[in-house]
Structures are given as C-alpha cells and as structure tokens.
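Just so it is clear, the structure is predicted and the values come from calculations on it, not from any experiment. The chain is numbered in sequence order, starting from 1.
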Amino acid sequence: MAELRRLASAFLWVLSALLLLLVLVAVVVNDVELWKTITRLGDEEFYVVAAVLAYYALLPDWSSGLALVLAVLASGAVNVLLKYLLGMPRPPNPLVEVSGPGFPSGHAQVSASFWTSLALLARKASLAVLAAVVVAGVSLSRVYLRAHYEVDVIGGVLIGAFIGYASYYSHRHYARHGTLLLQLALPLLTAAIAAYNLLRGFEVGSTSSILGLSLAASATATVATRRSSARTSTARSVLLKWTLCCASILLLLAAHYATKSAIAHVRVAAFLTAGVFTLLTPVLLGYSRR
C-alpha cells in the first residue's frame with residue numbers, strides 16, 4: 001500500500017510538470033487549439049468524470065467525497081446567479097463558444113472550487129501543486145481565448161476557492177460533531193439557489209442538472225448519516241467498486257447529453273436519478289468507510 005501511494009504521488013508530480021510545460025508553451029506560442037485543449041479542463045463534462053472518480057477512489061469516506069461534489073455544485077449554482085444578477089459583458093470576438101454574461105468566469109470558479117476542496121481534503125503536496133497548475137491554466141485559457149476579461153477569471157478563482165474552503169470547513173465540522181443539519185446545510189442551500197435560478201430562467205440546462213444533483217446529495221447525506229452512526233464497513237471487491245464508478249460516469253454523461261433539449265423537469269428528474277445511484281449506492285453497499 002505504501003508503495004502504491006508513492007507511485008501515485010510520483011505520477012501527480014510528473015503530471016503537474018507536464019501540464020505546467022503545456023501551459024508555458026501555450027503562453028509562448030499563443031496557439032488557439034492548444035488553449036482550447038487546456039480550457040477543456042474546466043468543462044462541465046470534465047468535472048462530472050473527475051468528481052465521480054474522486055468520490056469512489058481518491059477520498060477516504062462518503063462525507064469527504066460528498067463535500068467535494070457539493071463544492072462543484074454550489075460553485076456552479078452561485079456562478080450562474082452572480083452572472084445574471086451582475087450582467088457584466090464579455091470581450092468582443094471570442095475564440096470559443098460562450099453564453100451568458102462574463103463575471104465571474106464559470107470555468108475558473110468551478111475549477112478553483114473543485115481543486116481547492118480536493119487539495120484540502122486529500123492533504124497531499126503533489127495534489128496541491130497539480131491543483132494550482134490546473135486552475136492557473138484554465139484561467140489563462142479563458143483570457144487568451146477572449147472568453148473573459150482578466151477580472152472575470154480573478155473573481156472566479158477567488159469566489160471558487162472560498163466555496164471550496166467552505167465545503168471543506170462544513171465537512172470538517174460534520175466530522176467533529178456528526179449532526180445531520182451540518183451535513184444537509186450545503187446541499188439544501190445549493191438546491192435553493194439552483195431552484196431560484198431555474199425559476200428566473202438562468203441557464204436552464206446547467207441549473208436543472210445542479211438542482212437534481214443537489215437533491216440527490218441531500219438524500220445521500222440523510223441516509224448515510226444515519227448509517228454511519230454505527231461505524232460499520234463492509235469489504236467489497238475492487239472490481240465491484242470500479243464497475244459502479246464507471247457505471248455512474250456513464251449514467252451521468254447519458255443524463256447530460258440525452259436531456260440537453262428536454263424540458264427542465266425532465267432534466268432535473270434525470271440528474272436526480274443518476275445522482276442518487278452515483279452517490280448513494282456505494283454507501284448502501286458498505287463503502288461509507290472506505
């Protein structure tokens with residue numbers, strides 16, 4: 001096990017170095033296609049896959065995994081709300097497809113929330129460095145691609161880092177006190193913001209998915225908190241865990257693409273169903289204390 005951890009740490013250091021080199025090359029040559037590749041590290045689809053992988057494989061228990069997922073969901077809900085309330089412009093002639101107002105940058109904000117939360121929860125220096133490189137690369141890509149002004153990405157990173165820390169702080173206090181209210185506060189607040197965004201018609205597609213997943217997170221927290229009071233854990237095969245992980249990713253991506261043109265209620269229901277399967281199944285099968 002110790003050898004596996006060392007290999008994982010070495011891999012993260014190498015990955016950080018390679019990604020940093022890629023960002024530096026992109027800055028020097030200012031190649032549009034290279035920046036488009038880097039900016040995909042801030043796409044919604046990327047964080048669907050990354051969050052599920054972290055939930056199943058990287059973090060030690062369901063509570064820390066849920067904190068990471070909620071950091072992404074809360075950041076997405078807050079970002080949509082702020083964008084449409086502030087209504088700030090974007091740069092002219094963007095080099096990638098954009099939608100909605102400019103401030104704060106969604107790519108920068110959600111990236112900062114995910115990586116801040118993950119770095120705090122995992123407590124690994126190699127992961128913290130990778131987090132900094134990814135957030136910096138994504139933020140730079142949005143400016144170079146003329147999708148956002150500099151202030152948009154700076155604001156996005158600051159807000160995102162704050163939300164990532166808030167999610168971690170909530171998890172830490174839950175770990176100490178173990179009350180259901182602490183665990184439910186963030187998913188219910190996220191669901192409330194997403195519901196408001198949906199009623200106002202703010203980015204209905206993203207908002208519907210966030211609402212469905214936030215409700216799934218609330219259900220998971222309720223069930224898992226009651227089960228974890230017994231502090232029981234069932235050993236399960238690695239094959240089963242990775243099968244569930246892959247199935248969850250496929251189910252979420254299917255919900256994302258299949259309901260893009262569907263009405264909001266259908267999309268909420270699809271993500272609620274996919275979210276319950278993804279978040280609650282490992283808890284029910286005994287992965288609540290991995």
What salt bridge (charged side-chain N to carboxylate O under 4.0 Å, His left out) pairs are there with at least one residue in residues 21-43, not counting sequence neighbours?
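Non-adjacent pairs meeting salt bridge (charged side-chain N to carboxylate O under 4.0 Å, His left out): E33-K36.
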
Path from V80 to L189 over hydrophobic side-chain contacts below 4.5 Å
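Yes, it is one cluster - the side chains of V80 and L189 are joined through contacts under 4.5 Å.
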
Rounded to the nearest 0.5 Å, what separation is found between the OH atom of Y168 and the CZ atom of R123?
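CZ of R123 is found 3.5 Å from OH of Y168.
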
Locate the shortest heavy-atom distance separating D152 from P89; write the atom from each residue and the value.
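Smallest heavy-atom distance, with atoms named: OD2-O, 4.3 Å.
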
Quick one: CZ on R142 to CD on Q109, what's the gap to the nearest 0.5 Å?
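Separation between the atoms: 13.0 Å.
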
Just by distance, no angles: are the side chains of T259 and R267 close enough, under 3.5 Å, to form a donor-acceptor pair?
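Per modelled atom types, T259 and R267 side chains form a pair under 3.5 Å.
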
Evaluate the side-chain proximity of P101 to L86: yes if any heavy-atom separation is below 4.5 Å, no if none is.
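They are not in side-chain contact.
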
Side-chain heavy-atom pair P282, Y55 within 4.5 angstrom cut-off:
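Answer yes - side chains close enough.
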
Heavy-atom check, side chain of S111 versus side chain of L41, under 4.5 Å:
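When only atoms from C-beta onward are counted, L41 and S111 do not touch, as no gap falls below 4.5 Å.
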
Test: ring-ring contact (aromatic ring centres under 6.0 Å, His included). Region: residues 11-46. Which pairs qualify, not counting sequence neighbours?
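Passing the test, one end in residues 11-46: W35-Y144.
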
Are I249 and L53 packed together at the side-chain level, in the sense that at least one heavy-atom pair is separated by less than 4.5 angstrom?
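Yes. Closest side-chain heavy atoms under 4.5 Å.
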
Do you know the tightest heavy-atom contact between R90 and G102?
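Shortest heavy-atom contact: CG-CA, 3.7 Å.
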
Considering all heavy atoms, the nearest V138-A108 contact
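Nearest pair, atom of V138 first, then A108: CG1-N, 4.3 Å.
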
If we ignore angles and hydrogens, is there a donor and acceptor under 3.5 Å between the side chains of T116 and Y165?
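No.
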
Where do H171 and S64 land on the side-chain hydrogen bond (donor to acceptor under 3.5 Å, both in side chains) test, with the steps shown first?
CA-CA 6 Å; H171 160 72; S64 56; 4.9 Å; no

Given S75 and S113, is the side-chain hydrogen bond (donor to acceptor under 3.5 Å, both in side chains) satisfied, shown in steps?
CA-CA 6 Å; S75 193; S113 292; 2.8 Å; yes

When you compare the side chain of L68 with that of S167, does any pair of heavy atoms fall below 4.5 Å?
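They are not in contact (no side-chain heavy atoms under 4.5 Å apart), so the answer is no.
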
Is any side-chain heavy atom of L215 closer than 4.5 Å to a side-chain heavy atom of F271?
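L215 does not reach F271 side chain to side chain.
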
Hey, quick one: are L145 and L34 part of the same hydrophobic cluster, counting side-chain heavy atoms closer than 4.5 Å, chains of contacts allowed?
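Result: yes, single cluster for both.
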
Ignoring hydrogens, what is the shortest heavy-atom contact between A221 and L66? Give both atom names and the distance.
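Distance-wise, the nearest heavy atoms are CB-CD2, 3.9 Å.
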
If you count the non-hydrogen atoms of other residues, nucleotides and ligands that lie under 6.0 Å from CZ in F162, is the total more than 12?
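Not more than 12 within 6.0 Å, no.
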
I want to check something: taking the side chain as every heavy atom from C-beta on, are F103 and L82 in contact at a cut-off of under 4.5 Å?
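In short, these two side chains do not touch, never coming nearer than 4.5 Å.
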
Verify same cluster id: M88, L158 (apolar side-chain graph, 4.5 Å):
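No: no chain of side-chain contacts under 4.5 Å links M88 to L158.
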
Do the rings of Y47 and F114 sit parallel, tilted or perpendicular, given the 30° and 60° boundaries?
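It falls in the tilted class, 30° to 60°.
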
Under a 4.5 Å cut-off applied to non-hydrogen side-chain atoms, are K83 and P104 in contact?
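A side-chain contact under 4.5 Å exists here.
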
Within the side chain of S170, is there an N or O that forms a donor-acceptor pair under 3.5 Å with the backbone of A166?
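Checked: no pair found.
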
At what distance, to the nearest 0.5 angstrom, does CG of L127 lie from CG of L118?
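Reported to 0.5 Å precision, the distance equals 4.5 Å.
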
Checking side-chain contact (heavy atoms from CB on, under 4.5 Å) for the pair W115/L130: CA distance, chi angles, key distance, verdict?
CA-CA 9 Å; W115 290 103; L130 178 61; 4.1 Å; yes

Where is the tightest heavy-atom contact between A216 and L272, given as atom of each residue plus distance?
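That closest heavy-atom pairing would be N-CD1, 3.6 Å.
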
Run the numbers on E203 and N197 for side-chain contact (heavy atoms from CB on, under 4.5 Å), then give the verdict.
CA-CA 8 Å; E203 296 193 15; N197 291 340; over 6 Å; no

Over all atoms of both residues, closest heavy-atom pair of L59 and A122:
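Result for this residue pair: CD2-N, 4.3 Å.
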
Apply side-chain contact (heavy atoms from CB on, under 4.5 Å) to V276 and T220, showing your working.
CA-CA 7 Å; V276 167; T220 299; 5.7 Å; no

Calculate, to the nearest 0.5 Å, the distance between atoms OG and CG belonging to S248 and L253 respectively.
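Result: 10.5 Å between the selected atoms.
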
From CA spacing to verdict: side-chain contact (heavy atoms from CB on, under 4.5 Å), V143, S139
CA-CA 7 Å; V143 175; S139 299; over 6 Å; no

Pairwise distance CG(L73) to OG(S209) - rounded to 0.5 angstrom:
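Result: 8.0 Å between the selected atoms.
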
Quick one: OG1 on T207 to CG on L199, what's the gap to the nearest 0.5 Å?
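Going from OG1 on T207 over to CG on L199, the span is 10.0 Å.
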
Do the side chains of V204 and V78 join up, straight or via other hydrophobic residues, at under 4.5 Å, putting them in one cluster?
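No, V204 does not connect to V78 through the hydrophobic network.
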
I'd like to know if Y257 and L213 are part of one continuous hydrophobic network [Ile/Leu/Val/Met/Phe/Trp/Tyr, side-chain heavy atoms within less than 4.5 Å].
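Both belong to a single hydrophobic cluster.
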
